[in-house]
Amino acid sequence: MAWKGPAFTPRAIGMGTARGTSTWKSDIAFALFAALLLLALEAQQGFPQLANPAGDNDSLLQLVEVRDLLTGQGWFDLHQYRMGLEGGFVMHWSRLLDAPLALSILAVSAVTGSTALAEQIVQILWPALQFWLAVFFTIRAARAFAGPSAVLPAAVVGGAALYYIGIFSPGALDHHNVQLMLTLASLALLLEAPTHRPAALVAGLCATLTLAIGMESAPYAGSLGAVVALLFLGNREGERLIARDFGLGVAGASHLVFAATIPVSSWGQAQCDTFSVVQFAVTGLAGAGLAIIASWKAANATAARRLMSLGLLAVALALVVVLLFPQCLAAPYAHLDPRLQQMWLGYIEEAQSIVQLVADDPARAVARFATPLVAIVLMALRFSHGGWRRQDSLVAALLVMALLVSAWEVRGSTFSIVFAVIPLSAWIAKWRQRAEASPSSGSVLRMAAAWLISVNAIWSGAAQAASSAFATAAPARDAGIDAPCNSKASFVVLGAMPPTTVLAISNLGSPILAFTGHRVFAGPYHRNVAGNLLVFDALLGSATDAKAVVESHHVGLVALCRGNPESRLFAARSPDGFLAGLMRGSVPEWLEPVAETRGSPLELYRVRLGG
């Protein structure tokens with residue numbers, strides 16, 4: 001199918017004119033207002049996430065890694081020495097996120113004179129910065145997709161969606177918010193590329209950076225690259241320079257990332273879950289190949305030649321992966337130990353499929369999938385009515401890919417909810433224009449309905465209300481008790497004790513590292529296989545098995561959080577096990593309860609082997 005173009009004009013996009021500068025300023029102001037509103041809401045509540053991260057293990061461990069870097073751990077040394085068996089294990093996260101966080105803490109601590117205060121300020125301002133940029137790029141994408149009338153809906157609906165998904169809250173230091181922001185930047189820049197020459201190059205840089213920060217964004221970076229190539233295939237004159245510049249951005253960024261984050265000694269080591277020679281080979285070849293094809297007239301003069309050239313590039317990429325890195329064709333957790341798949345991966349909420357989610361929590365399924373499905377329907381109607389544009393191809397590709405990912409793993413809905421904002425904003429804008437052109441009660445009602453249907457939080461509230469109406473009333477819990485041991489206050493006593501190794505469930509691993517000076521075995525990370533299995537052996541086995549682990553690995557303390565879901569799961573799976581016994585009050589003679597924690601959410605037991 002041939003794409004219609006050009007899709008928009010400098011007047012519509014606001015590029016290269018005095019009005020263009022004005023639209024950039026107004027969009028920045030809209031986004032800044034949304035970010036300041038978010039900060040005001042959080043400040044009014046006292047930034048509760050800083051004291052109670054609510055199980056955000058990744059952000060806590062990200063802070064620990066930044067601290068390690070600031071205290072002298074090597075740039076290329078990605079070991080987490082305080083988690084896992086003795087010697088730790090190598091994390092799969094990128095230093096590309098550690099660097100700006102560490103520099104920010106250094107800068108703020110130089111001004112305030114307090115590292116602890118600097119950490120708190122960065123924990124507040126860093127997510128707010130990502131939120132501001134994400135709203136800004138959402139607005140720019142909506143403006144490029146549907147014109148100026150879509151800006152207000154994008155700011156309101158987009159800001160609400162970004163707030164709803166929760167990855168921009170104070171304390172959110174992990175990579176998800178940065179990845180989403182960079183993906184939105186890539187999309188907005190590609191939408192504007194026909195009227196702004198550097199946009200495609202920067203889009204390629206952003207797409208590669210989001211991939212380098214975490215492999216979860218590979219489907220979205222790949223989708224954008226594929227659409228750029230297909231647009232070039234269907235429209236040489238309009239898309240050739242965009243394809244060339246995007247390819248140069250991808251190739252250039254991949255070389256820089258490879259050199260900056262991987263030591264020479266590891267250049268030949270293939271890693272499927274982080275940026276390594278595998279990803280470098282694929283992105284470097286794809287970017288350079290696309291740039292060469294778009295620059296070489298002999299390869300792009302006709303549609304047939306473009307098809308042949310791009311087909312050969314696709315075959316070359318496939319051969320590189322299949323012949324050199326076949327292990328990376330398997331599912332991400334295919335080689336994970338069966339016990340970890342059963343007892344850990346199966347209970348991670350963000351790793352659930354849509355089938356599991358619908359069965360376990362229908363209200364949450366509605367909240368996660370309602371607006372993306374509405375947006376998909378809107379895009380399908382656009383396609384069926386003809387007039388398909390290059391903007392539609394870019395937005396639809398990301399939206400469909402995110403919906404497919406979220407059907408496999410719920411975490412993809414974080415992206416699909418936000419991508420849905422763009423067609424939803426266009427829909428609202430259309431009904432606003434009709435209501436203004438022909439005012440009537442019917443047109444106003446349709447416009448109001450479009451607004452309501454587009455706000456994800458409304459679906460979430462309605463689904464939750466419906467779920468509560470049919471649910472059996474549950475006994476109210478004391479809100480003052482930190483049952484799951486998420487709060488920083490629950491670790492005060494543990495933090496005051498001399499450093500030792502603590503035997504605890506994986507959900508407590510990151511908080512213990514962040515709030516105390518101790519080390520742990522378990523943490524919810526797929527590379528920490530040995531440490532997690534050791535905790536399985538100790539907690540699910542008998543008291544004798546636990547004692548053997550404690551003796552052989554020099555454990556000084558055992559931590560018990562009765563209200564944590566993982567503790568309840570372990571007790572249910574092994575009712576005669578060591579952890580279940582502790583939860584019943586059966587304390588073996590080689591453990592001594594720490595008096596200060598008796599009756600608290602986090603109970604501690606001191607090991608007294610050998611006196």
Side-chain angles (χ1 to χ4, degrees), residues 28 31-71 73 75 91 93-138 158-159 161-186 205-206 209-210 212-214 216-217 260-261 414-415 418 486 488 510-511 513-515:
I28 289 173
L32 182 59
F33 176 78
L36 291 176
L37 180 60
L38 171 67
L39 275 177
L41 289 172
E42 297 292 350
Q44 189 270 332
Q45 300 174 59
F47 300 110
Q49 295 91 340
L50 299 186
N52 185 358
D56 189 359
N57 291 304
D58 287 359
S59 290
L60 290 175
L61 193 62
Q62 190 77 56
L63 180 59
V64 170
E65 292 205 344
V66 171
R67 289 172 178 169
D68 293 342
L69 181 63
L70 288 172
T71 53
Q73 186 165 327
W75 174 261
M91 282 294 293
W93 292 348
S94 172
R95 286 293 194 201
L96 291 176
L97 184 53
D98 294 340
L101 290 171
L103 289 173
S104 299
I105 291 173
L106 281 176
V108 177
S109 61
V111 174
T112 62
S114 169
T115 301
L117 178 59
E119 284 185 357
Q120 289 190 326
I121 292 174
V122 171
Q123 283 180 287
I124 293 170
L125 294 185
W126 177 261
L129 172 64
Q130 307 313 313
F131 182 85
W132 176 26
L133 293 171
V135 173
F136 170 70
F137 287 120
T138 301
L162 291 166
Y163 178 78
Y164 167 80
I165 58 179
I167 63 174
F168 296 91
S169 302
L173 299 182
D174 74 343
H175 50 276
H176 297 112
N177 49 28
V178 179
Q179 287 179 302
L180 178 54
M181 182 275 292
L182 287 171
T183 305
L184 287 169
S186 298
L205 291 170
C206 291
L209 283 177
T210 186
I213 289 172
E216 302 98 321
S217 57
T261 62
T414 300
F415 282 71
V418 178
N486 287 329
K488 185 177 181 179
S510 295
L513 264 58
F515 300 141

Interatomic spacing from [atom1] in [X] to [atom2] in [Y] - rounded to 0.5 Å:
X	Y	atom1	atom2	value
L133	L184	CG	CG	10.5 Å
I121	W126	CD1	CH2	15.5 Å
L97	H175	CG	NE2	8.5 Å
L180	F415	CG	CZ	5.0 Å
L173	D56	CG	CG	8.0 Å
L63	D58	CG	CG	12.5 Å

Any [X] side-chain heavy atom under 4.5 Å of [Y] side chain:
X	Y	value
L162	L38	no
F131	N177	no
D98	Q62	yes
L60	F515	yes

Notebook entry, point to check: Checking side-chain contact (heavy atoms from CB on, under 4.5 Å) for the pair V178/L209: CA distance, chi angles, key distance, verdict?
Noted result: CA-CA 10 Å; V178 179; L209 283 177; over 6 Å; no
Which pair of non-hydrogen atoms, one from [X] and one from [Y], has the smallest distance, and what is that distance?
X	Y	value
T115	S109	CA-CB, 4.1 Å
L96	A212	CD1-CB, 3.7 Å
A172	S59	CA-OG, 3.4 Å
P127	F168	CB-O, 3.4 Å

Checklist line | Whether over 12 other heavy atoms sit under 6.0 Å from W132 CH2 | finding: no
Notebook entry, point to check: Can you check side-chain contact (heavy atoms from CB on, under 4.5 Å) on V64 and L61, steps first, answer last?
Noted result: CA-CA 5 Å; V64 170; L61 193 62; 4.2 Å; yes
Notebook entry, point to check: Can you find a side-chain donor-acceptor pair between Q49 and E42 that sits under 3.5 Å?
Noted result: yes
Is there a donor-acceptor contact under 3.5 Å from the side chain of [X] to the main chain of [Y]?
X	Y	result
W75	A260	yes
S104	V122	no
T183	Q179	yes
Q45	L41	yes

